[in-house]
S.K.: 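A single structure is presented below for examination.
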Amino acid sequence: MKFIFERDTWQEIYGAIRKNKIRTIITISGVTWGVFLFVFLLGMAKGLDNSFRSQFNDFATNTMFVWGEQTSMPNKGFKRGKGIQLTLDDVDVLKSQIDDIEYIAPRNVTGRWGTPPGQFVRGSKSGAFSVYGDYPTIDKVSKKKIFDGGRFINEEDIKYQRKVCVIGEDIYKQFYEKDENAIGDYVQVNGIYFKVIGVYKPTQMGFEGDDSIFLPFTTFQGIFNQGKKISWMVITAKPDKDIVQTEATIKTKLKQLHDVHQADDQAFGSFNMGEAVAKTNGFLTGMRLITYIVGIATLIAGVIAIGNVLLITVKERTREIGVRRALGATPGEVRGQIMLESILLTFVAGLTGFILGTMLLWGINNAIGTNEDIPILNPTVDFFAVVGALLSIVVLGTLIGLIPAQKAVSIKPIEALREE
């Protein structure tokens with residue numbers, strides 16, 4: 001091992017590389033490209049994953065939405081086409097009888113799906129916007145980003161049917177001057193005065209947008225004469241429960257409550273967020289797997305190319321190796337020099353690929369910034385994955401270097417000296 005630290009060893013390696021500069025550059029470009037591709041693809045996959053997770057950052061992913069539609073089968077004297085209206089009684093039954101449920105939030109809305117919008121008035125300005133009736137529970141399922149100084153609806157608002165509201169950022173911009181404080185101000189919704197208690201900023205997963213108004217559920221029911229009717233319910237399963245199975249259980253119970261045939265799949269509409277998230281996670285996992293396969297395959301191809309070039313180099317240096325052996329160089333020293341050359345080339349190539357890949361990801365990250373229209377967020381590579389890749393190519397370089405090294409050792413000095 002002493003020869004590794006000798007100056008002559010590295011001078012000989014440098015001389016061998018310098019004699020064939022173009023061939024060396026072309027050779028190591030394979031490994032450089034492999035590491036570059038590996039880093040780039042891994043970073044972009046991470047960027048997609050970050051973007052996806054940021055969208056669900058404020059939303060419980062094991063969540064489903066359920067609403068009533070029309071029956072497609074007759075049952076218990078009811079003809080097909082019967083409309084299903086969900087009520088607060090359904091919510092109470094589901095809460096008490098299905099243990100899988102962690103949160104359940106009944107919701108009402110006007111201004112969506114063909115219903116008339118609410119009329120919002122402040123001073124001489126007016127506009128038509130969607131109005132939601134909600135319980136505080138919805139904030140646990142889909143967290144609302146409330147600007148400083150404000151709050152969302154609470155249980156006291158529900159209990160006393162307070163005339164308070166939370167407005168969207170877009171409404172604030174339309175009706176208030178810049179930096180004007182909306183909290184505590186009184187506005188009209190459908191001719192009734194409400195106190196503004198908060199201004200919310202929309203989230204990527206929130207379908208309410210930034211031009212909606214939130215009222216306490218009980219207040220909404222009274223103003224719009226809804227009684228026990230609800231538009232739909234948002235249900236979150238407990239963390240250890242299967243949301244798909246929970247959905248099936250909930251629909252079975254709702255069919256019993258509304259005298260719907262158990263084989264009727266059209267009476268209740270639903271959207272299972274947990275199932276959609278699972279599919280997306282599977283897609284992202286597949287992308288990462290493909291990234292590893294492509295990167296590793298390219299790395300191996302590049303390292304093999306280095307081994308092939310070193311075999312050619314050994315052939316060209318047969319006479320030189322014979323002279324060294326005749327002058328007393330041991331087989332271990334000859335073998336070590338060839339292997340060191342292989343390790344050096346693979347390491348330099350890998351490090352170059354890593355630097356180029358990282359620089360490209362850095363440039364993409366700066367160019368994209370926080371642009372929500374591009375589904376890439378902070379494309380980075382895992383430190384341990386990169387270190388593992390670099391170590392892998394060093395190991396591969398060592399193993400592939402054994403072939404030309406053994407070839408060099410097998411050359412007999414007397415035969416090498418006869419080589420023309």
Side-chain angles (χ1 to χ4, degrees), residues 55-56 58-60 63-70 83-88 90-91 103-122 125-146 152-153 157-158 163-175 187-192 194 196-236 247 250 254 266-273 276:
Q55 292 181 20
F56 290 95
D58 299 310
F59 201 96
T63 295
M64 60 174 291
F65 308 83
V66 182
W67 60 91
E69 293 192 346
Q70 291 185 334
I84 303 296
Q85 175 63 60
L86 295 176
T87 68
L88 289 173
D90 298 327
V91 175
Y103 301 117
I104 181 167
R107 305 193 72 184
N108 263 327
V109 66
T110 187
R112 295 273 186 176
W113 306 299
T115 56
Q119 297 300 313
F120 183 90
V121 178
R122 181 182 185 249
K125 296 181 179 180
S126 65
F129 304 99
S130 298
V131 182
Y132 291 83
D134 274 307
Y135 279 94
T137 310
I138 194 64
D139 198 42
K140 296 178 180 178
V141 178
S142 177
K143 188 69 178 175
K144 298 293 180 291
K145 295 181 178 179
I146 306 295
F152 193 63
I153 296 161
D157 300 329
I158 299 294
K163 292 180 175 59
V164 294
C165 67
V166 178
I167 63 174
E169 183 181 16
D170 183 62
I171 297 176
Y172 171 81
K173 290 178 179 178
Q174 290 185 46
F175 289 83
V187 297
Q188 292 184 59
V189 178
N190 279 24
I192 299 174
F194 283 81
V196 178
I197 60 172
V199 179
Y200 75 89
K201 182 178 179 64
T203 59
Q204 289 180 313
M205 287 304 300
F207 62 86
E208 299 95 353
D210 59 354
D211 57 351
S212 298
I213 304 164
F214 291 97
L215 307 181
F217 187 91
T218 50
T219 307
F220 182 101
Q221 298 295 78
I223 291 175
F224 294 98
N225 194 28
Q226 293 296 298
K228 289 189 174 184
K229 295 178 183 178
I230 63 174
S231 300
W232 78 100
M233 60 181 78
V234 183
I235 302 170
T236 300
E247 178 184 4
I250 288 170
L254 288 174
Q266 298 183 26
F268 296 97
S270 65
F271 175 72
N272 194 317
M273 182 71 74

S.K.: Which atom names give the shortest non-hydrogen contact between Gly227 and Gln221, and what distance separates them?
M.R.: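 That would be O-NE2, 2.7 Å.
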
S.K.: Closest heavy-atom contact between Gly68 and Leu86?
M.R.: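 Answer, listing the atom of Gly68 first, then Leu86: N-CD1, 3.8 Å.
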
S.K.: Taking the side chain as C-beta and beyond, is there a heavy-atom pair between Val199 and Val166 under 4.5 Å?
M.R.: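 No, their side chains stay 4.5 Å or more apart.
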
S.K.: Would you mind reporting whether Thr218 and Phe220 have side-chain heavy atoms less than 4.5 Å apart?
M.R.: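 Side chain of Phe220 against side chain of Thr218, heavy atoms only: no contact under 4.5 Å found.
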
S.K.: Which value, rounded to the nearest 0.5 Å, describes the distance between Ile171 atom CD1 and Arg122 atom CZ?
M.R.: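 If we round to the nearest 0.5 Å, Ile171:CD1 and Arg122:CZ are 12.5 Å apart.
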
S.K.: Less than 4.5 Å apart, any side-chain heavy atom of Val234 and any of Ser142?
M.R.: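 Sidechains of Ser142 and Val234: no contact.
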
S.K.: Apply the test side chain to side chain contact (heavy atoms under 4.5 Å, CB included) to residues Phe175 and Val187: give CA-CA distance (whole Å), side-chain angles for both, the deciding distance (0.1 Å), then the verdict.
M.R.: CA-CA 10 Å; Phe175 289 83; Val187 297; over 6 Å; no

S.K.: Under the rule for ring pair (Phe, Tyr, Trp, His ring centres under 6.0 Å), what residues qualify as partners of Tyr135, not counting sequence neighbours?
M.R.: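 In terms of ring pair (Phe, Tyr, Trp, His ring centres under 6.0 Å), with neighbours along the sequence ignored, Tyr135 is linked to Phe217.
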
S.K.: To the nearest 0.5 Å, what is the distance between CG on Asp211 and CD on Gln174?
M.R.: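 If I round to the nearest 0.5 Å, the distance is 8.0 Å.
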
S.K.: What pair of heavy atoms forms the shortest contact from Gly118 to Val131, and how long is it?
M.R.: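 Distance-wise, the nearest heavy atoms are CA-CG2, 3.8 Å.
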
S.K.: Using every non-hydrogen atom in the two residues, find where Cys165 and Phe194 come nearest and quote the distance to one decimal.
M.R.: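 So the two residues come closest at SG-CB, 4.0 Å.
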
S.K.: Working to the nearest 0.5 angstrom, can you tell me the gap between Glu69 CD and Gln85 CD?
M.R.: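 Those atoms lie 12.5 Å apart.
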
S.K.: Checking side chain to side chain contact (heavy atoms under 4.5 Å, CB included) for the pair Thr236/Lys140: CA distance, chi angles, key distance, verdict?
M.R.: CA-CA 9 Å; Thr236 300; Lys140 296 178 180 178; over 6 Å; no

S.K.: Nearest 0.5 Å please: distance from the CZ atom of Phe152 over to the CD1 atom of Ile138.
M.R.: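 The CD1 atom of Ile138 is 7.5 Å from CZ of Phe152, to the nearest 0.5 Å.
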
S.K.: With a 4.5 Å limit on heavy-atom distance, are the side chains of Arg112 and Ser212 in contact?
M.R.: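 Result yes, sub-4.5 Å side-chain heavy-atom pair found.
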
S.K.: Can you find a heavy atom in the side chain of Val109 that is under 4.5 Å from one in the side chain of Trp232?
M.R.: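 Heavy-atom side-chain distance check passes, below 4.5 Å.
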
S.K.: Restricting to non-hydrogen atoms, name the atom on Ala267 and the atom on Ile84 that form the minimum distance, rounded to 0.1 Å.
M.R.: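 What the structure gives for the nearest pair is O-CG1, 3.7 Å.
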
S.K.: Hey, is the main chain of Lys144 close enough, under 3.5 Å, to the side chain of Asp139 for a donor-acceptor pair?
M.R.: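 It does hold such a pair.
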
S.K.: For the CD1 atom of Ile153 and the CD1 atom of Ile146, what is their distance to the nearest 0.5 Å?
M.R.: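 The distance works out to 9.0 Å.
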
S.K.: Side chains of Phe271 and Glu247: closer than 4.5 Å at any heavy-atom pair?
M.R.: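 They are not in side-chain contact.
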
S.K.: If you compare all heavy atoms of Gln70 against all heavy atoms of Gly83, which two are closest, and at what distance to 0.1 Å?
M.R.: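 That would be CG-CA, 4.1 Å.
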
S.K.: Is the shortest side-chain heavy-atom distance between Leu254 and Val66 below 4.5 Å?
M.R.: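 They are in contact (side-chain heavy atoms under 4.5 Å apart), so the answer is yes.
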
S.K.: Give a yes or no on whether a salt bridge exists between Asp134 and Arg107, defined as a side-chain N under 4.0 angstrom from a carboxylate O.
M.R.: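 Answer for the salt bridge query: yes.
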
S.K.: Any donor and acceptor pair, going by atom type alone, linking the side chain of Thr137 with main-chain N or O of Ala105 inside 3.5 Å?
M.R.: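 No; judged by distance alone, with no hydrogens or angles, the pair does not exist.
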
S.K.: Would you compute the distance between atom CD1 of Ile213 and atom CZ of Phe129 and round it to the nearest 0.5 angstrom?
M.R.: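 If we round to the nearest 0.5 Å, Ile213:CD1 and Phe129:CZ are 6.5 Å apart.
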
S.K.: Can you confirm whether Lys173 is buried at NZ, in the sense that more than 12 heavy atoms of other residues, nucleotides or ligands lie under 6.0 Å from that atom?
M.R.: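 For Lys173, atom NZ is not crowded (no more than 12 foreign heavy atoms under 6.0 Å).
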
S.K.: Give a yes or no answer on whether the side chain of Thr115 reaches the backbone of Gly111 with a donor-acceptor pair at less than 3.5 Å.
M.R.: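 Yes, the answer is positive, given that a donor and an acceptor are paired below the 3.5 Å cut-off.
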
S.K.: Step by step, work out the side chain to side chain contact (heavy atoms under 4.5 Å, CB included) result for Lys163 and Ile192.
M.R.: CA-CA 8 Å; Lys163 292 180 175 59; Ile192 299 174; 3.7 Å; yes

S.K.: Assess whether ring-ring contact (aromatic ring centres under 6.0 Å, His included) is satisfied between Tyr200 and Phe214, documenting all intermediate values.
M.R.: CA-CA 10 Å; Tyr200 75 89; Phe214 291 97; 5.2 Å; yes

S.K.: Just by distance, do the side chain of Asn108 and the backbone of Ser231 share a donor-acceptor pair under 3.5 Å?
M.R.: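 Yes: the side chain of Asn108 pairs with the backbone of Ser231.
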
S.K.: Below 4.5 Å, heavy atoms only, C-beta onward: do Val164 and Val196 meet side chain to side chain?
M.R.: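 With C-beta onward as the side chain, the pair stays apart.
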
